[in-house]
Protein chains: 2
Amino acid sequence: MAKPSPPAAPSESLPPPQMQTALDSALDDLIGYAMRRAQLKLFQNLIGRLSAHDLRPAQFSALAIIDQNPGLMQADLARALAIEPPQVVPLLNKLESRALAVRVRCKPDKRSYGIFLSKTGETLLKELKQIAVQSDLDATAALDGEEREELLRLLKKVYQD
Amino acid sequence: MAKPSPPAAPSESLPPPQMQTALDSALDDLIGYAMRRAQLKLFQNLIGRLSAHDLRPAQFSALAIIDQNPGLMQADLARALAIEPPQVVPLLNKLESRALAVRVRCKPDKRSYGIFLSKTGETLLKELKQIAVQSDLDATAALDGEEREELLRLLKKVYQD
DNA sequence: TATTAATGGTTAATTGACATAACTAAATTG
DNA sequence: CAATTTAGTTATGTCAATTAACCATTAATA
């Protein structure tokens, strides 16, 4: 998924295959198309930054969600991440193996676990949040503060259907 | 990738796991996070609509790009779609098998092909564009026309770095 | 011009994400 | 206390996407 550097040799049969993902088309007027490209850019940026901590975006999201909802169950986490329960298992295993989160057997219901962040996890999360904010700013460097606010507002309005 | 219907049983250990992808967290203030969720929504909508024509978004994009750049080579198409050359092969095979596009051996360089839309492809593309516009409007129904314009402008500004 | 290197396209193999189904243990219901 | 449901896990299969290796042709170089 990493595509940081512009492809090498632009071939000559095309108008100007202007770097990265050329695409001069009628696609330009579609929000979906612009959104996909912008999202990809943001995502790549974040992936690159998180990789320094050997983490993927979903793991970062998981940490943030656990932090906001301490003691939640895995099914809740799955729903919050919009992934299927089986995918939660290796994700949590990884976080637990790095001592960022813990599964605690539930008193009343011995099938389920409550999930919590460890002290280490909380500390790391604080750092990761700063990284995410920095990534946001970096990837949207073309916007000023007001535009960023407006973009966030519009995006929320879209997905909070 | 299809997740149209809200998950069934919200479990009770969480504040209000408000439908779909709950996520009340500090993630809410990140553009990258909002963008990902909005993009997913737009994408799912488009996928659903294109499936009626047995097409995927990348194939639709390919048609639009070929239309705008008749005679381009596969390497150009790969770059424009931000995919690797090997992925272009089955994609083009599919379009060619449905007689939407054609590979034409290049006169000067007998290794390469020029790619063109067939009459059928051009006709279908017109229809697909309308579908895409409709999908855009549907998925961003929470916005008015002015907001849509502004969103598009901001998104372009972001990805046209 | 003969040899070598580079390029367009393809094939093949590997990886990895993801969904689905099936299983265990515990809880609920009748 | 039998039958069903639920939380979590394991196992399996599918499919997309990257990578490496390959052929044909062109370009470069000696």
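Heavy atoms only: backbone and side chains are in, while hydrogens, waters and symmetry mates are out. In the text below, chain A, chain B and the rest are named by the order of the sequence lines, each starting its count at 1.
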- Message: Can you measure B:Lys107 atom NZ to C:dG8 atom C1' for me and round it to whole angstrom units?
- Response: 18 Å
- Task: Begin from the C-alpha positions of B:Leu27 and A:Ser61 and carry the test side-chain contact (heavy atoms from CB on, under 4.5 Å) through to its verdict.
- Result: CA-CA 7 Å; B:Leu27 298 176; A:Ser61 292; 4.1 Å; yes
- Item | Value in whole Å for how far the P atom of C:dC18 lies from CD1 of B:Ile47 | 13 Å
- Message: Any side-chain N or O of B:Arg103 below 4.0 angstrom from OP1/OP2 of C:dT10?
- Response: yes
- With nearest nucleotides of DNA chain C determined for A:Arg105 and A:Pro86 from heavy-atom distances, which residue corresponds to the more 5′ nucleotide? A:Pro86
- Nearest whole angstrom, please: distance from the C1' of C:dT10 to the CD1 of B:Ile115. 14 Å
- Query: Between A:Asp54 and A:Lys94, is there a salt bridge with N-O shorter than 4.0 Å?
  - Reply: yes
- Could you check how far CD of B:Gln87 sits from C1' of D:dT18, rounded to whole Å? 8 Å
- Query: CG of A:Asp161: more than 12 outside heavy atoms within 6.0 angstrom?
  - Reply: no
- Query: How many angstroms lie between atom CG of B:Leu77 and atom CG of B:Leu91, to the nearest 0.5 angstrom?
  - Reply: 7.0 Å
- Query: A:Ile83 CD1 to D:dT9 C1': how many Å, rounded?
  - Reply: 14 Å
- Sugar-phosphate, base or nothing in reach of A:Pro108, heavy atoms under 4.0 Å: sugar-phosphate
- CE of A:Met73 versus C1' of D:dG8: gap in Å, rounded? 11 Å
- Classify the side chain of A:Arg111 versus the base of D:dT6 as yes if they form a donor-acceptor pair under 3.5 Å and no if they do not. yes
- Would you check if the side chain of B:Ser118 reaches a backbone N or O of B:Leu100 as a donor-acceptor pair within less than 3.5 Å? yes
- Item | Value in whole Å for how far the P atom of D:dT10 lies from CG of A:Asn93 | 7 Å
- Message: Any base atoms under 4.0 Å from B:Gln74, or only sugar-phosphate, or nothing? Heavy atoms, all strands.
- Response: sugar-phosphate
- Rounded to whole Å, CZ of B:Arg79 lies from P of C:dG9 at a distance of 10 Å
- Message: So if I take every side-chain heavy atom of A:Asp109 and compare against C:dG9, D:dT18, C:dA27, which nucleotide ends up nearest?
- Response: C:dA27
